[in-house]
Amino acid sequence: MKLVTIIGARPQFIKAATVSRVVADRAEIREMIVHTGQHYDANMSDVFFEELAIPKPDYNLGVGGGMHGSMTGRQLEAIERVLLDEKPDWVLVYGDTNSTLAGALAAVKLHIPVAHVEAGLRSFNRRMPEEINRVLTDHAADLLFAPTDTAVGNLKTEGLPIERIELSGDVMYDAALFYRHRARQPGWFAKLGLKIGDFVLATIHRAENTDNPARLAGIIDGLANSEEPVVLPLHPRTRARLYDFGIKTPGNIHIVPPVGYLEMVWLEVACKVIASDSGGLQKEAYFHNRRCIILRDETEWVELVDAGYNLIAGADSARIVSALSKPLSDVDGAPLYGTGVAADLIIERLIS
Ligand code: UD1
Ligand code: UDP
């Protein structure tokens with residue numbers, strides 16, 4: 001079986017690393033990796049291929065930047081050319097980025113079966129580009145690998161046929177288990193005078209926060225008033241917007257460049273609490289028994305909020321400060337994201 005995997009953005013490299021590792025042990029599958037080029041800086045792309053030993057992409061399409069229509073359109077055209085040449089049996093797409101939608105659309109129009117990993121996630125906020133990407137991808141795909149019961153429920157509610165839906169668990173949980181013991185302390189950590197267990201780990205990159213000066217300023221102000229120092233590995237998009245809007249960050253917020261996944265896992269385990277608008281970090285907090293203050297007004301990962309592990313704080317400074325000081329529940333109860341074998345289940349199903 002020939003499988004073409006389409007990836008392009010940071011979280012997709014991490015998800016695909018886990019699946020590619022399983023594929024490497026299966027003689028009956030040949031995987032070709034297509035990197036759309038959506039993320040292209042070394043610390044947003046190359047670092048993951050190097051440290052997670054992801055096979056070098058067979059194609060790098062070099063399509064990053066620009067408006068959504070332009071980026072998705074250029075990716076669609078370039079992926080179509082690859083699929084016409086490669087003629088795979090399956091195309092595998094991950095998550096909800098523009099690269100996901102471009103990959104799914106290119107394949108379905110060529111009548112190549114598409115499998116979507118992380119299907120069924122919904123924020124019910126149609127202003128999020130990711131919500132549009134995931135709804136359209138799910139409805140185009142032939143096989144929907146849902147990470148949670150909630151995701152399965154969302155797909156059924158939208159009338160997607162039950163035969164297409166598979167509860168696989170979450171490949172990010174597989175990754176968390178596999179890489180936890182390979183975590184690496186960033187070189188700058190001690191130099192900044194930081195202490196294990198006594199800092200807030202923050203990330204910000206969602207368009208709804210970065211492109212809205214009031215929200216971005218509210219988040220920075222909330223973090224500035226944290227009792228503990230804050231470590232903020234900064235996405236290039238956010239760095240640019242802070243500069244554009246003239247928002248200054250005070251000394252208790254340590255801005256560092258984006259880190260590799262192994263360093264991120266170390267920070268997640270070492271921090272006191274996480275504050276983030278990232279989908280991945282909300283779950284990784286839970287995987288490593290930390291809490292996450294969600295810097296958004298809603299989340300797709302509702303089970304973590306329902307269980308009292310994570311807390312929605314939005315972008316209001318006072319609400320963020322109050323959330324950071326609240327004690328949250330310790331992780332206790334049935335695992336919410338499978339048993340750490342999602343990638344094996346996905347590959348078995350594709351083969352069968
Ligand atoms: C994208 C995804 C988002 C995902 C995130 C993961 C979409 C619509 N959004 O958001 O779902 O959560 O990736 O991080 O697909 N840039 C660089 N260097 C890079 C990458 C980006 O400078 O290596 C800058 C460019 O100015 C670019 C901007 O960041 O225009 C935004 O990048 P883009 O990939 O469009 O969106 P993200 O915010 O990264
Ligand atoms: N991540 C990382 N370095 C960083 C920020 C995030 O390795 O500087 C990892 C993080 O641990 C998670 C994934 O990237 O596995 C999440 O990606 P991101 O927050 O960019 O996107 P989202 O999950 O919101 O789509």
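When a ligand or atom number is given, it counts from 1 through the structure's own listing order. If you read the sequence from its start, that first residue is 1, and numbering goes on from there.
Of the possible polar contacts, none joining the Arg74 side chain to the Val63 backbone as a donor-acceptor pair under 3.5 Å is found. No side-chain donor-acceptor contact under 3.5 Å links Asn310 to the backbone of Val305. In this structure a side-chain-to-backbone donor-acceptor pair under 3.5 Å is missing from Ser322 to Ala318.
Shown in contact with His68 at under 4.0 Å from a heavy atom are these atoms of ligand 1, numbered in order with element: 8 (C). Atoms of ligand 1 lying under 4.0 Å from at least one heavy atom of Asp96, given by number and element, are 11 (O). With ligand atoms numbered from 1 in the order given, ligand 1 contributes 16 (N), 17 (C), 18 (N), 22 (O) to contacts under 4.0 Å with heavy atoms of Pro236. Atoms of ligand 1 found under 4.0 Å from any heavy atom of Met44, numbered from 1 in the order shown, are 23 (O). Close contacts of ligand 2 with Phe48, meaning ligand atoms under 4.0 Å from a residue heavy atom, involve 7 (O). Each of the following atoms of ligand 1 lies closer than 4.0 Å to a heavy atom of Asp41: 17 (C), 18 (N), 19 (C), 22 (O), 23 (O). Proximity to Gly260 (heavy-atom distance under 4.0 Å) selects the following atoms of ligand 2: 7 (O). Under a 4.0 Å criterion applied to the non-hydrogen atoms of Gly279, ligand 2 contributes the atoms 22 (P), 23 (O), 24 (O). Atoms of ligand 1 found under 4.0 Å from any heavy atom of Met71, numbered from 1 in the order shown, are 35 (O).
The closest protein non-hydrogen atom to atom 12 (O) of ligand 1 is His205 NE2, 2.8 Å. In this structure, the protein non-hydrogen atom closest to atom 16 (C) of ligand 2 is Ser278 OG, 3.8 Å. Atom 4 (C) of ligand 2 has as its closest protein heavy atom Arg10 NH1, 3.3 Å. Regarding atom 27 (C) of ligand 1, its nearest protein heavy-atom neighbour is Tyr40 OH, 4.3 Å. At the shortest separation from atom 15 (O) of ligand 2 among protein heavy atoms lies Glu284 OE2, 2.5 Å. Nearest non-hydrogen protein atom to atom 6 (C) of ligand 1 is Pro11 CD, 3.5 Å. Closest protein heavy atom to atom 23 (O) of ligand 2: Gly280 N, 2.8 Å. At the top of the distance list for atom 9 (N) of ligand 1, counting protein heavy atoms only, stands Glu130 OE2, 3.6 Å. In terms of protein heavy-atom proximity, atom 30 (O) of ligand 1 is nearest to Gly65 CA, 3.9 Å. With hydrogens left out, the protein atom closest to atom 8 (O) of ligand 2 is Val259 N, 3.0 Å, a heavy atom. In terms of protein heavy-atom proximity, atom 14 (O) of ligand 2 is closest to Ile14 CD1, 3.4 Å.
Taking the six-membered ring where tryptophan is involved, the planes of Tyr309 and Tyr286 are essentially parallel, since the angle between them stays under 30° and well short of 60°. Aromatic ring pairs are classed by plane angle as parallel below 30°, tilted from 30° to 60° and perpendicular above 60°; the pair Trp301 and Tyr337 is perpendicular.
With no hydrogens or angles considered, a side-chain donor-acceptor pair links Glu131 and Ser123 at under 3.5 Å. Glu227 and Ser325 form no side-chain donor-acceptor contact under 3.5 Å, judged by distance and modelled atom types alone.
Closest non-hydrogen pair, Lys156 versus Ile162, comes out as CE-CD1, 3.1 Å. What you find for Ile312 and Arg319 is that their closest heavy atoms are O-NH2, 3.1 Å. Between Asn60 and Thr36, the shortest heavy-atom distance links the atoms OD1-C, 4.2 Å.
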Practice prompt. Using the side chain to side chain contact (heavy atoms under 4.5 Å, CB included) rule, take Leu336 and Lys283 through it: C-alpha gap first, then chi angles, then the decisive distance, then the call.
Written response: CA-CA 10 Å; Leu336 296 170; Lys283 286 176 295 163; over 6 Å; no
Practice prompt. Please lay out, stage by stage, how Tyr94 and Ile14 fare under the test side chain to side chain contact (heavy atoms under 4.5 Å, CB included).
Written response: CA-CA 10 Å; Tyr94 292 87; Ile14 296 156; over 6 Å; no
Discussion item. Walk me through whether Gln12 and Thr100 qualify under side chain to side chain contact (heavy atoms under 4.5 Å, CB included).
Written reply: CA-CA 9 Å; Gln12 295 168 328; Thr100 314; 2.9 Å; yes
Discussion item. The test is side chain to side chain contact (heavy atoms under 4.5 Å, CB included); show your working for Glu166 and Leu345 and say whether it passes.
Written reply: CA-CA 9 Å; Glu166 194 79 31; Leu345 290 172; over 6 Å; no
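Just one residue in the list Phe49, Tyr179, Trp266, Phe48 forms a ring pair (Phe, Tyr, Trp, His ring centres under 6.0 Å) with Tyr261, and that residue is Tyr179. Paired with Ser45 under the rule side-chain hydrogen bond (donor to acceptor under 3.5 Å, both in side chains), one option of His39, His35, Glu50, Gln38 passes, and it is His35.
Ligand 1 lies nowhere less than 4.0 angstrom from a heavy atom belonging to Gly64. At least one heavy atom of Arg206 sits less than 4.0 Å from an atom of ligand 2. The shell of residues lying under 4.0 angstrom from ligand 2, judged by heavy atoms, excludes Glu263.
Here Glu268 has side-chain heavy atoms under 4.0 Å from ligand 2, and that is the only part of it that gets that close. With a heavy-atom cut-off of 4.0 Å, Thr97 does not touch ligand 2 at all. Contact annotation for Pro233 and ligand 2: only side-chain heavy atoms (C-beta onward) come within less than 4.0 Å of the ligand. The proximity of Ser278 to ligand 1, defined as any non-hydrogen pair under 4.0 Å, does not occur for either the backbone or the side chain.
Expressed to the nearest 0.5 Å, how far CG of Leu201 lies from CD of Glu228 amounts to 12.5 Å. Taken to the nearest 0.5 Å, the CG atom of Leu105 stands 7.0 Å off from the OG1 atom of Thr137.
In terms of polar-atom proximity, defined here as any N/O pair under 3.5 Å, Pro258 makes no such contact with ligand 2. Residue Leu281 places no N or O, backbone or side chain, under 3.5 Å from any N or O of ligand 2. By the 3.5 Å distance cut-off applied to N or O atoms, Gln38 is counted among the residues near ligand 1. Between Met264 and ligand 2, no pair of N/O atoms sits closer than 3.5 Å. Taking any N or O of His235, backbone or side chain, none lies under 3.5 Å from an N or O belonging to ligand 2.
Salt-bridge annotation for Lys2 and Glu86: present, with a side-chain N of the basic residue lying under 4.0 Å from a carboxylate O of the acidic one.
The heavy atom nearest to atom 20 (C) of ligand 1, out of those in Arg237, Gln12, His39, is found in His39.
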